[in-house]
Participant: 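I'd like to ask some things about the structure below.
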Amino acid sequence: MELSAKYNPSEVEDKWYAYWLENKFFHSEPDEREPYTIVIPPPNVTGILHMGHVLNNTLNDVLIRKARMDGKNACWVPGTDHASIATESKVVAKLKDMGLRKEEIGREKFLEYAWEWKEEHGGIILQQLRKLGASCDWDRTRFTMEPALTEAVLATFCHFYRKGWIYRGVRMVNWDPEALTAVSDDEVIHRDTKSHFYHLRYYISDGNGNPTDKYLVIATTRPETIMADAAICVNPNDERHRSLRGKKVLIPLINREIPVIEDDYVEMDFGTGCLKVTPAHDVHDYEIGLRHNLPVIDIIDDHGRLNEKAQILVGQDRFEARKNIVALLQESGNLEKVEEYTSPVGYSERTNAVIEPKLSAQWFLKMSDLAADALDAVESGRIKFIPDKYRNTYRHWMENAHDWCISRQLWWGQRIPAYYLPGGQIVVEETPEKALEAARKIDSTLCASDLKQDEDVLDTWFSSWLWPISVFDPQFPGHPERTPNPDLTYYYPTNDLVTGPDIIFFWVARMIMAGGEFMAEVPFRNVYFTGIVRDKLGRKMSKTLGNSPNPLDLIEKYGADAVRLGMLLCSSAGNDILYDESQIEQGRNFCGKIWNSWRLVSGWTVSPTAKQSDCSRIAVKWFDSLLLRTIAAVEDHYSKFRISDALMAVYKLFWDDYCSWYLELVKPAFGEAVDSATYKATVDFFEKLLKLIHPIMPFITEELWQAMSERKTGETIMYQRTPEIGQVDGTLLDNFDLVREAVNSIRGIRAQKQISPKLSLDIFYEGKLAPELFPVMEKAANVGAFREGNAEGAAVSFLVGTVKFSVPLAGFINEDEEKLKLSEELEHQMKFLAGVRAKLSNEKFVAHAPEAVVALEKKKESDALARIESLRAALSTMN
RNA sequence: GGGAGCUUAGCUCAGUUGGUUUAGAGCGUCUGCCUUACAAGCAGAGGGUCGGGGGUUCGACUCCCUCAGCUCCCACCA
């Protein structure tokens with residue numbers, strides 16, 4: 001087949017992806033083979049592909065394609081996440097454009113819109129993944145909020161409720177006044193924010209609610225909350241405030257009387273040493289309040305506005321109120337001074353609203369037992385983290401895990417299956433029918449309309465933590481009495497998980513918990529943490545910076561294979577990726593190289609009668625061994641998840657060894673034909689190389705694999721086996737390296753001395769050199785003759801290993817310089833030898849070191865001796 | 001404040017119980033080549049006292065101490 005002069009990815013990619021789909025090559029069913037399973041980290045259903053996805057899914061795809069070619073039953077389950085907050089806020093925004101508010105249209109109508117939106121925009125990202133070449137089993141596509149998975153979520157909720165691990169409690173939560181929901185601690189980002197420190201005077205009461213002329217000063221950043229104050233707190237050891245003991249003070253503006261209390265929590269040397277305690281609006285204050293039995297006065301509503309309890313500024317937004325109250329305090333003479341102050345402020349990860357600490361009733365899941373098991377799974381090595389350093393982070397978190405607040409004040413998500421009876425009792429059941437049944441046991445007169453279901457939905461992670469289980473058998477989790485279906489039995493536990501370290505607690509840890517709870521088995525064996533994709537200046541990709549390229553544009557411009565290689569090039573596990581388009585260019589160039597090399601080989605005419613030259617024969621033998629050795633190295637890299645090392649090994653094998661050396665050695669001269677033995681070997685090597693490259697660059701390898709020979713329909717490189725590891729001729733490889741180094745030196749000398757590469761020279765050598773490599777040497781270095789012995793007259797000499805080469809070059813050589821170099825080398829070798837011998841004569845070393853290590857030292861010793869010999873010999877010939 | 005990690009060539013990174021690595025790769029740079037597969041290419045070259053200082057050792061990028069700088073996580077003094 002004639003190849004076009006240039007590789008055109010866009011022509012090729014759609015064709016092969018369609019072919020793969022058509023033949024169901026991605027589909028997997030349980031069978032007798034060993035399974036290899038990955039579940040996709042489900043992207044947000046309404047998300048669009050960004051560079052992080054590209055990195056993550058490229059890695060996933062490389063692993064799954066590799067496993068497939070290793071003969072495993074490879075299954076990669078795709079799907080999407082309903083992403084409560086993110087999706088709901090998008091729908092809310094859309095409704096706003098339509099002039100609607102969710103509260104106006106009600107829950108049911110809102111969910112209709114939301115589903116509509118999901119149908120319209122949902123799953124775009126999965127289509128985009130196909131462009132990247134992702135070989136997911138699309139027949140198994142799942143969605144965390146599809147009916148079956150929702151059932152699983154509700155069943156597990158009931159399971160934990162019955163177990164007594166789920167409880168309802170009033171807690172200080174992180175309230176997002178924009179999204180109108182509580183968010184978990186992990187979803188709050190603390191940023192240093194400039195604000196002010198307001199010093200306020202609280203006058204001491206005379207006992208009858210009237211101010212005296214004495215006052216104390218507190219410092220606060222939130223003057224708008226003073227109306228919710230329940231006490232003023234000082235440190236019991238603070239001498240300055242002795243006189244305040246047992247006194248009461250008056251809240252400015254509203255003149256409510258509050259006590260002065262003492263608590264160790266207050267730092268004496270911070271601020272004025274007096275702390276206003278506002279239990280409703282600060283976590284620590286809440287805790288102080290509990291200790292001192294203080295009333296909780298909540299003056300801020302869900303939207304972040306002051307309510308009636310505030311008495312003043314009612315209805316104003318908290319920030320507006322802050323501005324206004326400062327003016328009032330100024331007027332009333334309670335404002336002593338204002339300082340500039342920078343303090344960390346919590347922001348909502350989703351909406352970027354300032355988080356309001358708020359007391360509310362929420363559902364919690366007890367973590368202690370779950371966390372202990374999940375910690376053990378990693379500590380015991382049943383789950384491996386790559387890189388290992390994340391184990392520390394993980395341990396630290398697991399040992400301090402707080403109970404998980406699982407309720408969210410949203411509508412898009414799984415609604416909590418708790419039902420309130422008119423008498424205040426709660427029943428928790430998977431369906432309204434079952435709930436009614438349970439309720440009637442309490443009160444037989446109840447009917448369906450008497451039950452009020454909890455308004456909240458569950459945290460999204462409460463469904464995605466089941467992902468590795470529920471994608472296979474949604475009927476199983478939460479029902480220990482059932483038997484898992486064949487899919488779950490066969491595919492669980494999955495093998496590898498590739499994800500970002502940012503969700504190690506959100507998702508990874510919780511999947512491990514769910515796995516332990518419902519399967520009594522870890523959900524995966526290895527977790528490969530990618531880094532965060534940044535731009536080349538090290539900044540995070542962001543819309544506002546405009547530094548985030550659209551992956552689809554890149555695929556369009558360079559081809560999916562190029563994008564994949566570009567992402568992988570610089571991605572060692574756990575390190576952030578500094579994205580640079582030049583890496584993708586490198587990928588494109590590699591495609592071009594592969595393409596052109598096949599254009600060369602496929603263009604050769606083969607002569608059945610021609611005899612194989614010595615040079616070609618050795619070249620074939622050499623590359624065969626090199627290929628085998630590289631395959632072993634690549635396997636080793638994959639087994640340690642060193643994907644970029646595996647990639648680089650293959651890249652260099654193809655480019656430097658196959659193209660630059662092997663093909664140059666066997667390439668027939670212009671107008672001549674290649675002998676059939678060499679041709680066959682060359683084509684065979686090429687095919688093996690394609691197979692090695694395929695997991696990384698699926699499209700171009702399929703295209704060329706199909707092009708290089710007649711293939712039957714239904715055949716694909718995807719299911720070819722990884723080339724096998726075999727016996728490597730190490731001596732040949734070493735000798736060849738010697739030749740290569742010598743040739744490079746000769747080329748260097750030629751370039752330096754400006755001798756035309758076309759001018760044939762005689763090269764002399766002294767020392768041991770495998771004679772079978774002479775033909776290679778002669779061809780590669782364009783040497784007229786290759787002779788043992790000493791060059792007569794002036795020559796440039798250089799050592800390669802223990803062999804001394806000389807290139808005769810009248811008038812160009814500086815013998816003193818050469819001598820100096822050789823003497824330095826000799827000195828170093830002597831020193832080194834002494835070191836090795838010292839170690840060998842060290843009894844402790846010989847007694848304790850493994851045999852192989854001692855053998856290595858002995859080899860080093862003899863190598864050094866040989867080297868010293870030849871150096872001395874070389875030096876003596878110079879005089 | 002607590003913890004973890006990082007610092008090696010212009011850039012991005014390897015460096016595997018301390019020794020043939022008197023430090024390697026890819027990209028970039030420079031020089032010479034439009035040589036009939038490929039200029040998105042070929043052939044060469046240059047470039048690092050391995051963050052600073054100290055120590056252990058025959059020998060340190062590797063181990064220990066110390067200082068400096070960077071990153072991340074956790075916790076948040078109102």
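The chains referred to below are lettered A, B, ... by the order of the sequence lines, with proteins before strands, and numbering in each begins at 1.
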Participant: With a non-hydrogen cut-off below 4.0 angstrom, is A:Leu578 in contact with a base, only sugar-phosphate, or nothing?
Facilitator: sugar-phosphate
Participant: Tell me the interatomic distance from A:Asp264, atom CG, to B:C77, atom C1', rounded to whole angstroms.
Facilitator: 15 Å
Participant: B:G44, B:A4, B:C42: which one has an atom nearest the side-chain heavy atoms of A:Asn392?
Facilitator: B:A4
Participant: Just call it for A:Ser644: base, sugar-phosphate, or nothing, with non-hydrogen atoms closer than 4.0 Å on any strand.
Facilitator: nothing
Participant: Taking the C1' atom of each, how far is B:G26 from B:A40, in whole Å?
Facilitator: 16 Å
Participant: Considering only side-chain heavy atoms of A:Tyr651, which listed nucleotide, B:A78, B:G26, B:A37, is closest?
Facilitator: B:G26
Participant: Return the nearest nucleotide to the side chain of A:Met648; candidates are B:A25, B:G41, B:A43.
Facilitator: B:A25
Participant: Considering only atom P, compute the distance from B:C72 to B:G32 and round it to an integer number of Å.
Facilitator: 45 Å
Participant: Looking at the side chain of A:Arg642, which of B:C72, B:A14, B:G5 is the nearest nucleotide?
Facilitator: B:A14
Participant: Find the distance A:Lys389:NZ to B:C72:P and express it as a whole number of Å.
Facilitator: 12 Å
Participant: Mind checking who B:G24 pairs with, Watson-Crick or G-U wobble, both distances under 3.5 Å?
Facilitator: B:C13
Participant: Whether the A:Glu339 and A:Tyr198 side chains hold a donor-acceptor pair (N or O, under 3.5 Å, no angle test) is what I'd like checked.
Facilitator: no
Participant: List the atom of A:Val234, the atom of A:Cys274, and the distance in Å for their closest heavy-atom pair.
Facilitator: CG1-SG, 3.8 Å
Participant: Which of these nucleotides, B:U36, B:A37, B:A78, is closest to any side-chain atom of A:Ser597?
Facilitator: B:A37
Participant: Calculate the interatomic distance between A:Leu689 atom CG and B:A37 atom C1'; express it in whole Å.
Facilitator: 16 Å
Participant: Nearest-nucleotide wise, let me know which of A:Asn400 and A:Asp580 is further upstream toward the 5' end of RNA chain B.
Facilitator: A:Asp580
Participant: Testing the basics here: between A:His292 and A:Glu262, what is the closest heavy-atom pair and its distance to 0.1 Å?
Facilitator: CE1-O, 3.1 Å
Participant: Determine the Euclidean distance between corresponding C1' atoms of B:A9 and B:G48; express it in Å to zero decimal places.
Facilitator: 5 Å
Participant: With A:Phe686, which of A:Trp604, A:Trp595, A:Trp598 fulfils ring-ring contact (aromatic ring centres under 6.0 Å, His included)?
Facilitator: A:Trp598
Participant: Name the closest nucleotide to the A:Val266 side chain, picking from B:A37, B:A78, B:A43.
Facilitator: B:A78
Participant: Under 4.0 angstrom, heavy atoms only, what part of the nucleic acid is A:Phe590 near: base, sugar-phosphate, or nothing?
Facilitator: nothing
Participant: Touch check for A:Asp282, heavy atoms < 4.0 angstrom, all strands: base, sugar-phosphate only, or nothing?
Facilitator: nothing
Participant: Using the P atom as the reference point in each nucleotide, state the distance between B:G51 and B:U16 in Å, no decimals.
Facilitator: 14 Å
Participant: Work out how far the C1' atom of B:G15 is from that of B:G24, and round it to whole angstrom.
Facilitator: 7 Å
Participant: Any idea which of B:C74, B:C72, B:G41 is nearest the A:His396 side chain?
Facilitator: B:C74
Participant: Any side-chain N or O of A:Asn596 below 4.0 angstrom from OP1/OP2 of B:A40?
Facilitator: no
Participant: Could you go through residues 640-650 of chain A and list every donor-acceptor pair under 3.5 Å that involves a side-chain atom there, pairing it with any protein atom two or more places apart or in another chain?
Facilitator:
from     : atom 1 : to       : atom 2 : distance (Å)
A:Lys640 : NZ     : A:Asp636 : OD1    : 3.1
A:Lys640 : NZ     : A:Asp636 : OD2    : 3.2
A:Arg642 : NE     : A:Asp645 : OD2    : 2.9
A:Arg642 : NH2    : A:Asp645 : OD2    : 3.1

Participant: Decide whether A:Lys276 and A:Thr278 meet the rule of one side-chain donor and one side-chain acceptor closer than 3.5 Å.
Facilitator: yes
Participant: Would you classify A:Trp655 as touching base, sugar-phosphate or nothing, given that sugar-phosphate means primed atoms plus P, OP1 and OP2, and contacts are heavy atoms under 4.0 Å?
Facilitator: sugar-phosphate
Participant: Name the pairing partner of B:A4, where a pair is Watson-Crick or G-U wobble with both distances under 3.5 Å, or state none.
Facilitator: B:U71
Participant: Write down the partner of B:C58 under the Watson-Crick or G-U wobble criteria, each distance required to be under 3.5 Å.
Facilitator: B:G19
Participant: Applying a 4.0 Å non-hydrogen cut-off, can you work out what A:Lys6 is touching in the nucleic acid: base, sugar-phosphate, or nothing?
Facilitator: base
Participant: CG of A:Asn735 to CE of A:Met777: how many Å apart, nearest 0.5 Å?
Facilitator: 12.0 Å
Participant: Which part of the nucleic acid, if any, lies within reach of A:Cys591 when heavy atoms closer than 4.0 Å are counted: base, sugar-phosphate only, or nothing?
Facilitator: nothing
Participant: Expressed in angstrom and rounded to an integer, what is the separation of A:Lys652 atom NZ from B:G26 atom P?
Facilitator: 5 Å
Participant: Please tell me which of the listed nucleotides, B:C76, B:A43, B:C73, lies nearest to the side chain of A:Thr393?
Facilitator: B:C73
Participant: Sort out the partner of B:A45 for me: Watson-Crick or G-U wobble, both distances under 3.5 Å, none otherwise.
Facilitator: B:U29
Participant: Please report the distance separating the C1' of B:U36 from the corresponding atom of B:G41, rounded so that it comes out in whole Å.
Facilitator: 14 Å
Participant: In whole angstroms, how far is the P atom of B:A78 from the CD1 atom of A:Ile261?
Facilitator: 18 Å
Participant: Can you check the A:Arg599 CZ to B:G41 P distance for me, whole Å?
Facilitator: 14 Å
Participant: Name the nucleic acid region contacted by A:Arg588, choosing base, sugar-phosphate or nothing; use a 4.0 angstrom heavy-atom cut-off, strictly under.
Facilitator: base
Participant: Donor-acceptor pair under 3.5 Å: do we get one between A:Glu664's side chain and the base of B:A37?
Facilitator: yes
Participant: Partner lookup for B:A39, please. Criteria are Watson-Crick or G-U wobble with both distances under 3.5 angstrom; report none if nothing qualifies.
Facilitator: none
Participant: Of A:Ala5 and A:Phe197, whose closest RNA chain B nucleotide lies nearer the 5' terminus?
Facilitator: A:Ala5
Participant: Grab the CG-P distance between A:Asp656 and B:G24 for me, whole Å please.
Facilitator: 16 Å
Participant: For a quick check of understanding: with a heavy-atom distance under 4.0 Å over all strands, which category does A:Thr221 fall into, base, sugar-phosphate or nothing?
Facilitator: sugar-phosphate
Participant: Given B:G26, B:A37, B:C76, identify the nucleotide with an atom nearest to the side chain of A:His284.
Facilitator: B:C76
Participant: A:Glu224 and side chain to side chain donor-acceptor pair (under 3.5 Å): which single residue from A:His281, A:Arg322, A:Arg318 fits?
Facilitator: A:Arg322
Participant: Return the pairing partner of B:C34 with a 3.5 Å limit on both distances, Watson-Crick or G-U wobble; otherwise return none.
Facilitator: none
Participant: May I have the distance from A:Asp263 (atom CG) to B:A78 (atom C1'), rounded to whole angstrom?
Facilitator: 13 Å
Participant: Donor-acceptor pairs under 3.5 Å, side chain of residues 659-666 of chain A to any protein atom, not counting sequence neighbours: which ones?
Facilitator:
from     : atom 1 : to       : atom 2 : distance (Å)
A:Ser660 : OG     : A:Trp655 : O      : 3.2
A:Tyr662 : OH     : A:Thr682 : OG1    : 2.8
A:Glu664 : OE1    : A:Lys667 : NZ     : 3.4

Participant: A:Gln586 side chain: which of B:U36, B:A78, B:G26 is closest?
Facilitator: B:G26
Participant: Is A:Val283 touching bases, backbone alone, or none of the nucleic acid, heavy atoms closer than 4.0 Å?
Facilitator: nothing
Participant: Given the P atoms of B:U62 and B:U7, what is the spacing between them in whole Å?
Facilitator: 12 Å
